[in-house]
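A short worksheet on the structure shown next.
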Amino acid sequence: FKDKKYYEGFLCAMVWGNIGTYQNGRQRFESVFNKNNEKEISDKIDRVIKLLNEGDIEKSYLSLFDKNPETGNAIYGVGEAFFTKLLYFSGASIEKLNIKPLIYDNNIRIFYNNLLNKLNESRPRGAFNRYIDYCTKMDIAKEMLELPSSGYVEALFFRKDIRAFINS
């Protein structure tokens with residue numbers, strides 16, 4: 001992503017996230033890695049990154065749900081757990097973003113719900129509102145822990161021992 005090789009970075013993020021290893025995974029994997037889909041996927045990634053460069057995380061995020069070929073950037077087989085990887089890696093070097101996009105996969109979603117329960121807070125309504133609330137909370141934790149980015153905070157929750165402790 002730093003070298004602006006967005007399509008290659010996207011494919012690496014999909015492999016890193018184990019795309020294709022779940023229900024209907026083979027068909028989704030083949031679609032994402034099909035050379036015939038490269039231009040369409042690349043164009044969508046470019047549009048998402050353009051929105052992030054404009055500082056608009058919400059439009060970037062929502063466009064990845066939008067299946068309208070004229071307005072949306074949804075990529076077949078790539079749901080929230082995977083497209084937030086795209087947002088995370090592509091947004092990491094964009095300075096003008098006040099809150100950096102983070103990965104919001106199933107493990108993180110469980111952690112976030114447990115966190116809200118422990119804080120006695122209700123879940124925000126709407127997928128984007130939950131996502132940005134999570135990113136904001138991780139940004140606050142980054143400041144409290146004096147870490148360089150909220151990605152460092154999030155990385156802690158990928159550790160099984162820490163997840164087990166928080167989820168207990």
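Since the structure is predicted, the reported quantities are computational estimates derived from the model, not experimental observations. Start at 1 with the first residue, then count along the sequence.
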Inset, instruction - Check salt bridge (Lys or Arg N to Asp or Glu O under 4.0 Å) between Lys50 and all other residues, then give those that pass, not counting sequence neighbours. - result: Glu54
Legend entry - Pairwise distance OG(Ser149) to OH(Tyr88) - rounded to 0.5 angstrom: 5.5 Å
Inset, instruction - Nearest 0.5 Å please: distance from the NZ atom of Lys4 over to the OG atom of Ser93. - result: 6.5 Å
Legend entry - Common cluster, Ile140/Leu156, ILVMFWY with side-chain heavy-atom separation under 4.5 Å: no
Legend entry - side-chain contact (heavy atoms from CB on, under 4.5 Å) against Arg125, all qualifying residues, sequence neighbours excluded: none
Inset, instruction - Examine Leu51 and Ile75 and state if one hydrophobic cluster contains both, with Ile, Leu, Val, Met, Phe, Trp and Tyr joined whenever side-chain heavy atoms are less than 4.5 Å apart. - result: no
Inset, instruction - State, to 0.1 Å, how close Gly55 and Leu97 come at their nearest heavy-atom pair, and which atoms those are. - result: CA-CD2, 3.7 Å
Legend entry - Listed partners of Lys39 passing salt bridge (Lys or Arg N to Asp or Glu O under 4.0 Å), at least two apart: Asp43
Inset, instruction - List in chain and number order the residues that pass ring-ring contact (aromatic ring centres under 6.0 Å, His included) with Phe65, two or more places apart in sequence or in another chain; answer none if no residue qualifies. - result: Tyr61, Phe83
Inset, instruction - With the side chain counted from C-beta on, respond yes when Ile41 and Val78 share a heavy-atom pair under 4.5 Å apart, and no when they do not. - result: no
Inset, instruction - Applying side-chain hydrogen bond (donor to acceptor under 3.5 Å, both in side chains), name anything that partners Thr71, two or more places apart in sequence or on another chain. - result: Asp66
Inset, instruction - Report the residues that fulfil side-chain contact (heavy atoms from CB on, under 4.5 Å) with Asp46, sequence neighbours left out, ordered by chain and then residue number. - result: Tyr6
Inset, instruction - Could you note down all residue pairs passing salt bridge (Lys or Arg N to Asp or Glu O under 4.0 Å) where residues 71-83 supplies at least one of them, sequence neighbours left out? - result: Glu80-Arg109
Inset, instruction - First locate atom CG of Leu62, then atom CD1 of Ile57, and finally report the distance between them rounded to the nearest 0.5 Å. - result: 11.5 Å
Legend entry - Closest non-hydrogen atom pair between Leu116 and Ser122, with its separation: CD1-O, 4.2 Å
Legend entry - Interatomic distance, Thr84 atom OG1 to Leu64 atom CG [nearest 0.5 angstrom]: 9.5 Å
Inset, instruction - List in chain and number order the residues that pass side-chain hydrogen bond (donor to acceptor under 3.5 Å, both in side chains) with Glu40, two or more places apart in sequence or in another chain; answer none if no residue qualifies. - result: Lys44
Enumerate, atom names and distances included, each donor-acceptor pair closer than 3.5 Å involving a side-chain atom of residues 131-139, sequence neighbours excluded.
unit_1, atom_1, unit_2, atom_2, d
Tyr131, OH, Leu102, N, 2.8
Tyr131, OH, Leu102, O, 2.6
Asp133, OD1, Lys137, NZ, 3.0
Asp133, OD2, Tyr112, OH, 2.5
Asp133, OD2, Lys137, NZ, 3.1
Tyr134, OH, Glu154, OE2, 2.8
Thr136, OG1, Ile132, O, 2.7
Lys137, NZ, Glu121, OE1, 3.0
Asp139, OD1, Lys142, NZ, 3.3

Inset, instruction - Flag the pair Asp105 / Lys85 as yes when at least one side-chain heavy-atom distance between them is below 4.5 Å, and no otherwise. - result: yes
Legend entry - Partner set under side-chain contact (heavy atoms from CB on, under 4.5 Å) for Ser42, not counting sequence neighbours: Tyr7, Glu38
Inset, instruction - Evaluate the side-chain proximity of Val48 to Leu87: yes if any heavy-atom separation is below 4.5 Å, no if none is. - result: yes
Inset, instruction - Say whether Leu119 and Phe157 are linked into one hydrophobic cluster, either directly or through other cluster members, by side-chain heavy-atom distances under 4.5 angstrom. - result: yes
Inset, instruction - Sequence neighbours left out, what passes side-chain contact (heavy atoms from CB on, under 4.5 Å) with Asp56? Give chain and number order. - result: Glu58, Lys59
Legend entry - Greater than 12 external heavy atoms within 6.0 Å of Asn98's CG: no
Legend entry - From CD1 (Ile99) to OG (Ser150), nearest 0.5 Å: 7.5 Å
Legend entry - Set of side-chain hydrogen bond (donor to acceptor under 3.5 Å, both in side chains) partners for Arg47, sequence neighbours left out: Asn73
